[in-house]
Amino acid sequence: MHIIVLGAGLVGGPMAIDLAADGAHRVTVADISENALSRLDGTSGIETVQADLSDPATINRIIAPAHMVINAVPGFMGFAALKTIIEAKKNVVDIAFCPEDPFTLDDLAKENGVTAVVDCGVAPGMSNMLMSYSHSQLDKTDSAIIYVGGLPEIRQWPYEYKAVFSPIDVIEEYTRPAFYMENGALVERPALSDPEYIDFPGIGTLEAFNTDGLRSLYKNLKIPNMKEKTLRYPGHIEKMIMLRESGFFDTEPVEINGVKIRPVDMTAKLLFPMWKLNKGEVDLTLMQIVVQGEKDGKRTCFTWDMFDRYDPVTKVHSMARTTGYTATVTARMLLEGLFTEKGVIAPETIGARADCMNFILKGLADRGVVYKESVEEI
């Protein structure tokens, strides 16, 4: 099988390596950055193509021979790339997390006989699948909450944060409104709102805040109380709110000495050197999902815990492992014909099927990303 990966960044590159590792697939990676592609030089089973992926004609040319496409372009390019892939009648697993609604492409995907699994990272992605999986095992679900975050092991002032994604995509978390369900009603709140402190063994106290991580969950799962919160080291919320409210994340251009510039572009340019995860730096990813309801007349709580670290052997950062390997295992699941539904597919649709979840959980565990389930009566 020929798999095309669009994007060779700190997640796209490890995905390509993972897909090529078993020798069962031919893998091609495309990116505009020669530097990003150079990190894959000498990797067996991988070909690279330097190309501008903002051009639909270029994408069409690159994916023409593909049996499967992984869309790992930045979020602001994600929707256009996804539309082009679907129009080309190629099955796709998408981790671009575009701000647009990908489900507006559902009819197009069905017309073209395409399976397009979107938001297929760690969160959204595995968080959706596991919430749906637990929800499907309960007779009635009352509440579900997701706590998730990627952090550097070493805390460095002033931000105590590092990212494998582009700063522009991270900033989206701090500007895009958050939606959650409360007593059966949809609530809209600003990002970074409703802070709370939570203790995690082995890490300490972290702060959690609202982000737009539920995505499709509040539409597809009938759970009256449902939230997703992002985790950071204490103090991060205040810094991000200060930048946001001061206009540093604004997208409307301002004129400085006769030159127009978007404040968010300047901010991203300045933050990138401080937020960039450098080679060998250790990062952590943790997620906890708690789903409560009734089963066989008894109050029951399902809890999923995941704690992952940078792999010093493969030299793959944890956020790339947890995000990227979710996508590569899902792609393998599609290639093996385990899931064949057409259309734009939310991760929770996959999570409702035990056979699919067993495949994905095993595939991730084989790569050292382990989700531990506990079930208790409460």
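Heavy-atom neighbours of Glu34 CD from other residues, nucleotides or ligands within 6.0 Å: at or below the threshold of 12.
Put simply, the side chain of Thr28 does not reach to within 4.5 Å of the side chain of Val5, judged on heavy atoms. Counting heavy atoms from C-beta outward, Val114 and Lys342 have side chains that stay 4.5 Å or more apart. Counting only heavy atoms from C-beta outward, the side chains of Phe302 and Leu130 never approach each other to under 4.5 Å.
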| message | Run Met131 and Leu217 through side chain to side chain contact (heavy atoms under 4.5 Å, CB included) and show every step you take. | response | CA-CA 9 Å; Met131 184 185 288; Leu217 278 169; 3.9 Å; yes
| said: Checking Glu281 against Lys162 for the salt bridge (charged side-chain N to carboxylate O under 4.0 Å, His left out) test, could you report, in this order, the C-alpha distance in whole Å, the side-chain angles of both residues, the deciding distance, and whether it holds? | reply: CA-CA 9 Å; Glu281 284 191 292; Lys162 293 294 181 75; 2.8 Å; yes
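Ring geometry for Tyr174 versus Phe249: interplanar angle under 30°, hence parallel rather than tilted (30 to 60°).
Transitive grouping of hydrophobic side chains (ILVMFWY, heavy atoms separated by less than 4.5 Å) brings Val264 and Val254 into a common cluster.
When each of Thr84, Ile62, Ile63 is tested with Val69 by the rule side chain to side chain contact (heavy atoms under 4.5 Å, CB included), just one qualifies, namely Ile63. Shown are Thr141, Val291, Val375; of these, the side chain to side chain contact (heavy atoms under 4.5 Å, CB included) with Thr300 is made only by Val375. When Met274, Lys239, Arg232, Met240 are each tested for a side chain to side chain contact (heavy atoms under 4.5 Å, CB included) with Tyr161, only one passes: Arg232.
The backbone N or O of Tyr310 lies less than 3.5 Å from no partner atom in the side chain of Ser318, so there is not a single donor-acceptor pair.
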